[in-house]
Amino acid sequence: MKKKGLLKFAGILSTMTVLGGVLAGCGGGSGSDSGSALEDAAAELNYIVTHSNTQTTLILDPAVDYSGQKSMNAGMTEALFYIDDNTGEVTPWLADSIEQTDDTTWVVTLKDGIKFSNGKTFDAAAAKAAIEYIIKDGNNKRLKTLLNAASIDADGLKLTIHTNGVNAVVPNVLADVNMIMFDVNENSDDYNKGLVGTGPYVLQKKDADGNMDLIRNETYWAGKPAAAAVHTKSGLDSTAQVNAMLNEEIDFVQLSGTQGADISRFEAQSDKFDIQQFDQGRLFYLYVNPDAAGTQDAKVREALQYAFDRDAIVSGVYGGRASATTSIFPKDSRFYQENENAVSFNVEKAKSLLSEAGYTDTNNDGFVDKDGVNLKLHIVNYASNGFPTLSEVLQSQLKEIGVDSDLETSGTIMDTLKSDNYNIGTYAYSTQTDGDAYNYLQPVFKSDGTSNFNSYSNVAVDKLLTELTSTTNANERVAKIKEIQKEIYKNDDTHIYLCHILSYKISRKNITNMTGSFLSDNGDNSILYKIGKTN
């Protein structure tokens with residue numbers, strides 16, 4: 001095949017131009033001792049790096065999905081690329097460029113002179129080792145599936161990735177905030193002790209609760225980090241996070257539109273806090289289990305499509321800091337496709353469908369039954385995103401159509417959903433991470449997807465998703481993503497889309513260079529070394 005030139009990306013592959021570095025490397029090495037690093041101690045940052053919703057403690061081991069991001073958020077590690085906060089483009093960071101030399105070969109050229117914080121050289125061999133650890137069998141299945149690497153070669157600063165078939169999103173996957181670069185030989189007996197990376201801060205201490213103390217990497221390759229030290233807190237619930245901010249224990253926090261009352265408290269003190277609002281396409285939706293008693297019945301699943309009042313949920317649960325939706329992507333996304341088969345909230349229609357399924361209230365207890373047994377659904381949620389409150393509202397709205405239900409708050413929601421022991425499961429997913437739509441569509445709707453908890457299977461969708469991996473033209477890619485959605489919307493009764501939630505970054509007035517989406521699932525984490533504090 002004819003050799004292809006260096007590529008520039010606008011969230012996906014587009015034009016055949018050089019992808020240059022954003023910052024020149026200036027060497028780098030081990031972190032300094034704590035004495036010199038803390039000479040300007042007033043510049044210490046305090047913020048929250050909490051564990052993922054799918055985990056019960058803070059985990060640093062990047063083998064576990066959504067854990068690598070935590071070490072990046074704390075400043076220990078970085079990725080080869082990142083998604084630019086303003087443009088949505090895949091942008092070089094530890095890498096200088098990426099070139100697709102044939103359909104299944106990508107060559108990444110790394111910046112010269114970068115070192116891990118322990119003084120070891122960061123080169124292609126180190127990058128290869130980190131990636132292979134993350135995607136090896138039994139580790140991070142999501143990133144393994146998305147990268148779809150057949151083999152990886154290393155030669156000096158040249159990292160070559162060979163894929164199993166054409167894969168247009170290799171650069172986007174390498175920009176994933178969980179595809180972190182770290183020295184696999186340090187703490188290899190237990191990476192939860194701490195990772196050694198190329199980042200602006202070096203871990204000094206991590207306690208049993210996941211709270212961490214880090215000091216400035218004085219020879220950080222991109223320039224002197226603005227803060228002398230970073231102290232992160234973990235395991236705080238939403239109330240504790242807000243109180244920590246109000247009590248001046250932390251310098252900034254990211255809140256969800258789920259915390260409308262709390263956000264209003266900060267808005268009322270605009271003289272003390274800066275507030276940035278942004279929409280990262282975070283979708284709140286429901287999994288409906290077609291394999292569980294009750295929701296095995298297609299008529300029951302159809303009735304559930306009419307059962308929930310999205311406007312009431314947005315206003316009552318989320319204080320209007322969200323937008324009701326029946327589609328996957330928000331309307332301002334280039335991937336947005338209207339769900340032309342969506343139905344509106346309609347209590348009587350839901351009751352009619354239940355009746356068609358043979359469910360009526362024969363004993364006047366307010367709940368429908370069949371053969372003397374009430375239809376009772378099991379709703380599972382997790383203690384984030386306002387989901388316990390949302391579940392109570394769902395329970396109330398189900399009661400309006402005569403359906404009984406009970407609630408469970410799971411500490412490990414992914415395991416619970418995989419167990420099939422549920423009828424309805426609440427979930428949140430950032431739909432446009434890595435600057436593309438594939439990162440959501442593939443895990444959730446591919447027959448073997450890692451987040452396909454309700455056994456969704458559609459031959460046409462599988463085929464289109466496979467085609468999407470080899471679609472490099474920007475316009476063609478967007479068109480195919482919309483085609484996939486149209487196919488999903490035709491006959492899917494196992495997902496119910498509720499709303500897109502807004503996010504808010506709250507920071508103190510003396511915090512400098514803060515971006516709205518830092519710490520978010522698809523944010524520009526390269527900005528951390530610039531974030532500082534004035535006296």
Side-chain angles (χ1 to χ4, degrees), residues 257-258 260-261 283-320 322-326 342-410 413 416-417 419-428 453-454 492-499 501:
T258 60
L283 176 67
F284 285 13
Y285 64 105
L286 307 177
Y287 283 102
V288 180
N289 187 357
D291 298 321
T295 45
Q296 282 180 333
D297 192 318
K299 285 290 183 182
V300 172
R301 296 197 301 273
E302 186 179 358
L304 294 179
Q305 299 291 323
Y306 291 90
F308 303 118
D309 186 343
R310 294 169 175 80
D311 291 333
I313 288 170
V314 167
S315 61
V317 181
Y318 300 124
S323 57
T325 191
T326 55
V343 299
S344 302
F345 172 59
N346 189 325
V347 170
E348 295 308 313
K349 178 64 175 178
K351 288 181 177 179
S352 174
L353 288 165
L354 290 173
S355 179
E356 291 178 29
Y359 287 100
T360 57
D361 185 4
T362 61
N363 59 5
N364 296 316
D365 66 349
F367 298 111
V368 297
D369 60 86
K370 182 194 289 188
D371 301 327
V373 179
N374 279 4
L375 175 61
K376 187 171 185 177
L377 304 183
H378 184 51
I379 303 173
V380 298
N381 60 61
Y382 49 99
S384 186
N385 301 312
F387 283 163
T389 301
L390 170 63
S391 296
E392 292 176 1
V393 173
L394 298 178
Q395 185 178 48
S396 175
Q397 293 183 352
L398 285 174
K399 187 174 182 180
E400 288 186 47
I401 66 170
V403 175
D404 194 8
S405 60
D406 57 32
L407 309 179
E408 174 192 355
T409 298
S410 171
I413 187 63
T416 301
L417 294 177
S419 73
D420 268 350
N421 185 28
Y422 75 100
N423 294 105
I424 298 173
T426 65
Y427 213 74
F453 302 122
N454 52 4
D492 178 26
D493 59 9
T494 62
H495 301 87
I496 300 175
Y497 314 111
L498 298 177
C499 62
I501 201 75

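FYI, the numbering just counts along the sequence from 1.
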Engineer: Give, for atom NZ of K299 and atom OG of S355, the distance between the pair rounded to the nearest 0.5 Å.
Structural biologist: 10.5 Å

Engineer: Would you say N385 and T426 make side-chain contact, with heavy atoms under 4.5 Å?
Structural biologist: no

Engineer: Would you check, one step at a time, whether the test ring pair (Phe, Tyr, Trp, His ring centres under 6.0 Å) holds for Y422 with F453?
Structural biologist: CA-CA 11 Å; Y422 75 100; F453 302 122; 8.2 Å; no

Engineer: Quick check: closest heavy atoms across A383 and P388, and the distance to 0.1 Å?
Structural biologist: CA-CG, 4.0 Å

Engineer: With respect to I401, which candidate in L353, V347, N346 satisfies the side chain to side chain contact (heavy atoms under 4.5 Å, CB included) definition?
Structural biologist: V347

Engineer: What do the steps show when you test L417 against Y427 for side-chain contact (heavy atoms from CB on, under 4.5 Å), and what is the final call?
Structural biologist: CA-CA 10 Å; L417 294 177; Y427 213 74; 3.8 Å; yes

Engineer: Table please: side-chain donor-acceptor pairs of residues 301-314 below 3.5 Å, with sequence neighbours left out.
Structural biologist:
from: R301; atom 1: NE; to: D493; atom 2: OD1; distance (Å): 3.0
from: R301; atom 1: NE; to: D493; atom 2: OD2; distance (Å): 3.2
from: R301; atom 1: NH1; to: T295; atom 2: O; distance (Å): 2.8
from: R301; atom 1: NH1; to: Q296; atom 2: O; distance (Å): 3.0
from: R301; atom 1: NH2; to: D493; atom 2: OD2; distance (Å): 3.4
from: Q305; atom 1: NE2; to: D493; atom 2: O; distance (Å): 3.4
from: D309; atom 1: OD1; to: D311; atom 2: N; distance (Å): 3.3
from: D309; atom 1: OD1; to: A312; atom 2: N; distance (Å): 3.2
from: R310; atom 1: NE; to: T325; atom 2: O; distance (Å): 3.0
from: R310; atom 1: NE; to: Y497; atom 2: O; distance (Å): 2.6
from: R310; atom 1: NH2; to: Y497; atom 2: O; distance (Å): 3.1

Engineer: Shortest non-hydrogen contact from A322 to I501?
Structural biologist: CB-CD1, 3.5 Å

Engineer: If you look only at distance, which donor and acceptor atoms sit under 3.5 Å apart when one is on a side chain in residues 366-381 and the other is two or more places apart or in another chain?
Structural biologist:
from: D369; atom 1: OD1; to: T362; atom 2: OG1; distance (Å): 2.7
from: D369; atom 1: OD2; to: T362; atom 2: N; distance (Å): 3.0
from: D369; atom 1: OD2; to: T362; atom 2: OG1; distance (Å): 3.0
from: K370; atom 1: NZ; to: A357; atom 2: O; distance (Å): 2.8
from: N374; atom 1: ND2; to: D365; atom 2: OD2; distance (Å): 3.1
from: H378; atom 1: ND1; to: D406; atom 2: OD1; distance (Å): 2.5
from: H378; atom 1: NE2; to: E408; atom 2: OE1; distance (Å): 2.7
from: N381; atom 1: OD1; to: T409; atom 2: OG1; distance (Å): 2.8
from: N381; atom 1: ND2; to: S391; atom 2: OG; distance (Å): 2.8

Engineer: What is the ring orientation for H495 with Y285, classed by angle as parallel under 30°, tilted 30 to 60°, or perpendicular over 60°?
Structural biologist: tilted

Engineer: To the closest 0.5 Å, what do you measure between OG (S384) and CD1 (I413)?
Structural biologist: 11.0 Å

Engineer: State, yes or no, whether a side-chain contact exists between L394 and L286 at a heavy-atom distance under 4.5 Å.
Structural biologist: yes

Engineer: Provide the closest heavy-atom pair for S410 versus Y382 in the form atom of the first, atom of the second, distance.
Structural biologist: O-CB, 3.5 Å

Engineer: Any idea which heavy atoms bring T494 and D492 closest together, and the distance?
Structural biologist: OG1-OD1, 2.7 Å

Engineer: What are the two closest heavy atoms between V317 and G386, and how far apart are they?
Structural biologist: CG1-O, 4.2 Å

Engineer: Can you tell me if N423 uses its side chain to pair, donor with acceptor, with the backbone of N289 under 3.5 Å?
Structural biologist: no

Engineer: Minimum heavy-atom separation for V288 and I496, please, with both atom names.
Structural biologist: CG2-CD1, 3.9 Å

